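In what follows, a structure is listed as structure tokens, so that the remarks can point back to it.
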Number of protein chains: 2
Amino acid sequence: MNQPARKRDAEATQTAILETAQALFVEFGMDAVSMRNIALQSGVTKSLIHHHFQTKEQLWCAVKERMFAEYAEMQMAIFDSMPGGPDMLRHTIRVYFNFVREHPEIVRLWCWTCLEGDAQAGFVERQLIQRGVAKLSEAQEKGLLRADVNPMLLIVQLVGMTNQWFLARERYQMWAEPSGEQPNNWDELFLAQFERLFIDGVSPSDNETSS
Amino acid sequence: MNQPARKRDAEATQTAILETAQALFVEFGMDAVSMRNIALQSGVTKSLIHHHFQTKEQLWCAVKERMFAEYAEMQMAIFDSMPGGPDMLRHTIRVYFNFVREHPEIVRLWCWTCLEGDAQAGFVERQLIQRGVAKLSEAQEKGLLRADVNPMLLIVQLVGMTNQWFLARERYQMWAEPSGEQPNNWDELFLAQFERLFIDGVSPSDNETSS
DNA sequence: ATTGCTACTGACCGACCGGTCAGTTAGTTG
DNA sequence: CAACTAACTGACCGGTCGGTCAGTAGCAAT
């Protein structure tokens, strides 16, 4: 009677476990987090986690699937909202950049899965990326994009540049002079320069704009 | 008498331990590697590792310092070899890209230290980066580089883009159609496009080239 | 009320973890 | 030669790990 022994609600329990596990795994890495710790922090017994997810490995997979699903939904929305005009790339960069800024945990997940060589993750993203490639190819046919860029590599570069920034942002700030403090619009400075370098190189040159 | 009990050579022993630890740590991450495993694979007893490096944490630090030192030496050489002409950036990108391609372990180390939030690492790199910033500022004064780019962010973007490519290369390849196999010059394609987008955006525009 | 299902608990397991320590052995110094 | 230092060994420690299992308890169907 000390504890009401939890409300009997499998779904809520699983969600609680997943959210706690997600926070811990993403922060410290799968190996550095114990099942005991997850149990403690989510207010659930260790056995119960095993009851719902069997093994630590499977819990980790469940966390990854959950996060990638959320990411995929968002990414798909970005592709769908791409304007057809010349501002397409600028818009896309900004939307993706802001999404990642508000969900830095997705970058850490990305990074952990890259390091562990998770083969699953790549396949999950494939149809997503091919949607983007189709969009970009379309834009090329309309003359909105240089014909000599590879759409998939363009996505790699756009996504990669953004991801690595949010992964190592704090590290980069240490590179600057410690005197005078950091500008707190560091993100905006980066985005502006990224956009400038990227877009100016990506936009069709003058002799091919009017096709 | 079964084993000649090792040649009594502290330096060689430490090197053997460091090399084994480096390979394992970089591959699997610090938490996933046990001292027993390092001992086994380097042909040394576990106690001997503790004798030379005290704790696992200190061994990890020794590995990081060793690798960063090697990296710093190389990076410094790149800065020093920067040509003063208009090909400066193109040359720098290629040299750095090729260095990382031949030392992919440095990217993994980079990534592990980012995820664990290693504060030390950032400071180690600082003087290195400021050397590069000085070089780029110089180039700007000579009109070889747009005046409106931030040199430090430029380095962040150059290094970051390259690093993330070699971190997630295998993952990106899964994005492509499984049919028709990958081109084995994937690296060159990426580099070419990276260069094109980056340089064309970075070069001074026509009205400021002749200062 | 009984049955059946399953969310949930707590005690327990063997394996492995990082680290310690007393002791052995090889090389150097005097 | 003896004396000393430091490289090196193997047995051992307390603690934590992921995982199991027999049992309890809440809820729905009959």
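A note on names: the letters A, B, ... follow the listed sequences, proteins ahead of strands, and every chain is numbered from 1. These figures come from a predicted structure and were not determined experimentally.
- When rounded to the nearest whole Å, the span between CG of A/Asn37 and C1' of D/dG18 equals 14 Å.
- Using a 4.0 Å cut-off between charged side-chain N and carboxylate O, B/Asp118 and A/Arg171 make no salt bridge.
- Using a cut-off of 4.0 Å between Lys/Arg side-chain N and Asp/Glu carboxylate O, B/Lys56 and B/Asp31 are scored as not salt-bridged.
- Atom CG in A/Asp9 sits about 15 Å away from atom C1' in D/dA28, given to the nearest Å.
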Would you list the protein and nucleotides 4-6 of chain C atom pairs, both N or O, that sit under 3.5 Å from each other?
unit_1, atom_1, unit_2, atom_2, d
C/dT6, O2, A/Arg8, NH2, 2.4

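- A distance-only check finds no donor-acceptor pair linking the side chain of A/Arg126 to the backbone of A/Ala121 [under 3.5 Å].
- In summary, the side chains of A/Gln164 and B/Trp165 do not present any donor paired with an acceptor at a separation below 3.5 Å, with no hydrogens or angles considered.
- One atom, CZ of A/Phe53, and another, P of C/dC8, lie 11 Å apart when rounded to the nearest Å.
- Remark: aromatic rings of B/Phe166 and B/Phe97 are close, center separation under 6.0 Å.
- Here the side chains of B/Ile38 and B/Phe25 are in contact, with some heavy-atom distance below 4.5 Å.
- Side-chain contact annotation: A/Arg101 with A/Thr162, donor-acceptor N/O pair under 3.5 Å absent.
- Note: NE2 (B/His50) to C1' (C/dC17) measures 10 Å, nearest angstrom.
- At distances below 3.5 Å, not a single donor-acceptor pair connects side-chain atoms of B/Asn185 with backbone N or O atoms of B/Glu188.
- When side chains are defined from C-beta on, A/Thr113 does not count as touching A/Gln120, because their heavy atoms never get closer than 4.5 Å.
- The interatomic distance linking B/Ile49 (CD1) with C/dC17 (C1') rounds to 14 Å, in whole Å.
- As rounded to whole Å, 12 Å separates atom C1' of D/dT9 from atom NE2 of B/His52.
- Atoms CG (B/Leu48) and P (D/dA6) sit 15 Å apart, rounded to a whole Å.
- Rounded to whole Å, the distance from CD on B/Glu11 to P on D/dA6 is 16 Å.
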note = Under a 4.0 Å heavy-atom criterion, the protein footprint on nucleotides 11-16 of chain C, written with B, S and -, is B-----
